[in-house]
Amino acid sequence: MESIDNNDDLNKPFLPESSSPELRSNEGVGNRENKDIITSVWIESKKLWRIAGPAIFSLVTAYSSNVIIQAFGGHLGDVELAAISIANTVIVGFNFGLLMGMASALDTLCGQAFGAKKYDMLGIYMQRSWIVLLICCFLLLPVYVFATPILKLLGQPDEVAELSGFVAACMTPAHFSFAFLFPLTTFLQSQLKNRVIAWVYLVGLVFNVFSSWLLVYALDYGVLGAAIAFDISWWVSILGLFGYSVLGGCPLTWKGFSMQAFSGIWEFVKLSAASGVMLCLENWYYRILVLMTGNLKNATLAVDALSVCMSISGWQMMIPLAFFAATGVRIANELGAGNGEAAKFATAVSVAQSTVIGGIFCIIIMILRDKVALIFTSSVDVLQEVDKLSYLLALTILLNSIQPILSGVAVGSGWQATVAYINLGCYYIIGLPLGILMGWVFHLGVMGIWGGMIIGGTAVQTIILSIITIRCDWEKEALKASKRVEKWSTPSPNNN
């Protein structure tokens with residue numbers, strides 16, 4: 001298993017640029033002052049899109065499972081759409097954000113270890129992440145069990161809360177799937193095996209579409225069928241990624257199960273917690289927005305319209321998240337290889353390209369503002385309400401095309417704890433109170449809540465992260481990365 005088929009690009013890691021003449025960072029990026037800037041951008045773009053391209057396909061395919069369940073549920077009725085939207089967006093989304101954030105600790109560790117050619121540590125890191133995330137899944141289980149009383153306590157209508165609680169309970173298997181799926185994805189992504197992820201997620205989507213049709217319409221199981229189909233699609237993806245990883249697809253980075261995975265657990269928990277808080281504070285922010293909307297007059301209509309907007313935004317958000325992942329890998333690889341200047345240039349290229357793509361989608365939303373909700377519902381009232389919210393949707397898409405890339409820089413550099421404090425301040429100390437003020441005090445309803453939270457939270461956070469990134473000493477970060485790789489690769493009494 002040590003040998004690698006040279007003709008199978010998927011079965012070998014993408015070696016750090018220092019070992020590749022064409023993509024050598026010190027020549028192509030570090031000394032770019034002596035080269036044509038267009039050539040430098042082209043070289044970096046090829047590296048970036050080798051990760052981002054398949055990642056976009058993978059994430060859009062994975063997120064489509066969420067869209068499909070809401071689309072099938074939306075055509076069952078307005079209450080069913082509201083219930084599935086809350087269960088999927090709030091209950092599952094609450095836990096999804098935390099677990100995905102905790103798994104992002106692997107972006108830092110696996111990316112920098114791969115850049116430093118410590119290949120055997122990637123499998124160890126993934127196993128540690130499985131352990132930590134699985135424990136976290138059990139701790140979060142009461143959120144699913146007591147979803148109905150929690151939603152009633154938060155002011156949701158009884159009919160919606162009860163059906164949402166039922167749907168959430170049926171989605172418990174998907175909840176446990178995240179503990180394995182996120183580390184597997186990061187493990188493969190750090191090695192640039194993104195095409196494998198893309199194909200596996202596509203198979204999962206096909207299973208989702210077929211099982212949703214079969215269970216919801218053919219067998220008439222309604223929302224129960226939609227939830228079961230949702231569970232099946234995630235576990236199909238896990239089996240595919242796990243099978244590839246452990247059955248010979250990663251001979252350099254997977255050496256089998258090891259007791260070493262249990263060493264340094266506490267240090268790993270702390271890094272995972274910082275990563276989880278960093279991402280989940282932002283993820284929860286938009287879940288809170290949906291819950292706050294449920295307390296407005298005509299709550300079902302407001303929740304339906306906002307959930308449709310959040311689904312569209314989330315669907316498009318998969319592109320910036322792909323850039324988030326690609327940027328994290330690029331930064332981590334370059335810092336792990338000691339190329340600080342290359343990491344700086346990778347940041348600039350990624351931010352610029354994601355912003356341009358976000359601008360294009362922003363324009364599309366503005367043009368199709370009265371038609372974008374047709375995939376989810378045929379209700380005239382919901383369509384009209386979404387039309388009113390389309391301006392905020394376009395602004396959200398534009399801002400979300402910049403902010404995740406800056407967060408990717410933070411993950412690749414290991415700044416998770418710092419960004420967690422920034423997110424807490426921007427979203428919950430500034431954004432949330434401003435949304436409440438505009439929504440209820442100034443009687444602007446859902447537009448006021450959403451607008452206040454965007455301006456006070458996302459916009460301020462983007463500005464702060466931009467300043468931090470611009471002022472970063474990248475050579476110093478490369479030195480820190482070297483020390484981090486050494487610390488996490490060498491078992492010691494301090495890490496046990």
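None of the values given here were measured: they were computed from a predicted structure.
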Ring centroid separation Phe187 to Tyr125 under 6.0 Å: no
So, taking the atom named [atom1] in [X] and the one named [atom2] in [Y], what distance separates them when rounded to the nearest 0.5 Å?
X	Y	atom1	atom2	value
Ile365	Leu392	CD1	CG	12.5 Å
Ser177	Met171	OG	CE	11.5 Å
Ile397	Ile357	CD1	CD1	13.0 Å
Asp473	Glu475	CG	CD	7.0 Å
Ile43	Ile38	CD1	CD1	12.5 Å
Ser390	Ile312	OG	CD1	9.5 Å

Take Asn194 and Ser58 through the test side-chain contact (heavy atoms from CB on, under 4.5 Å) and record every step on the way to the result. CA-CA 8 Å; Asn194 295 284; Ser58 301; 5.6 Å; no
In terms of ring plane angle, is the pair [X] and [Y] parallel, tilted or perpendicular, where the classes change at 30° and 60°?
X	Y	result
His175	Tyr144	tilted
Trp130	Trp254	tilted
Phe180	Trp235	tilted

Polar side-chain atom of [X] near backbone of [Y] as donor-acceptor pair, under 3.5 Å:
X	Y	value
Ser190	Thr186	yes
Lys476	Cys472	no
Gln127	Gly123	yes
Asn339	Ala342	no
Thr327	Phe324	no

Would [X] and [Y] count as having a side-chain donor-acceptor pair, cut-off 3.5 Å?
X	Y	answer
Gln191	Thr253	yes
Asn208	Ser212	yes
Ser45	Gln353	yes
Ser407	Gln403	yes

Using side chain to side chain donor-acceptor pair (under 3.5 Å) as the criterion, list what pairs up with Thr61, not counting sequence neighbours. none
When you compare the side chain of Met102 with that of Cys136, does any pair of heavy atoms fall below 4.5 Å? yes
Within the structure provided, determine whether Leu48 and Lys46 are in side-chain contact (heavy-atom separation under 4.5 Å). no
Could you go through Thr469 and Trp474, starting from their C-alpha distance and side-chain angles, then the distance that decides it, and tell me whether this counts as side-chain contact (heavy atoms from CB on, under 4.5 Å)? CA-CA 9 Å; Thr469 303; Trp474 289 102; 4.2 Å; yes
Under a 4.0 Å threshold between the charged nitrogen and the carboxylate oxygen, would Lys344 count as salt-bridged to Glu334? no
Would Trp49 and Phe323 satisfy ring pair (Phe, Tyr, Trp, His ring centres under 6.0 Å), going step by step from the backbone distance to the final call? CA-CA 9 Å; Trp49 279 94; Phe323 275 89; 5.3 Å; yes
Tell me, with the steps shown, if Phe176 and Leu141 meet side-chain contact (heavy atoms from CB on, under 4.5 Å). CA-CA 9 Å; Phe176 282 95; Leu141 192 57; 3.9 Å; yes
Criterion ring pair (Phe, Tyr, Trp, His ring centres under 6.0 Å) on Phe57 and Tyr201, from CA distance to verdict: CA-CA 9 Å; Phe57 180 84; Tyr201 276 24; 9.3 Å; no
Let's go through Cys426 and Ile464 carefully: what are the C-alpha distance in whole Å and the side-chain angles of both, what is the deciding distance for side-chain contact (heavy atoms from CB on, under 4.5 Å) to 0.1 Å, and is it a yes or a no? CA-CA 9 Å; Cys426 292; Ile464 294 175; 3.7 Å; yes
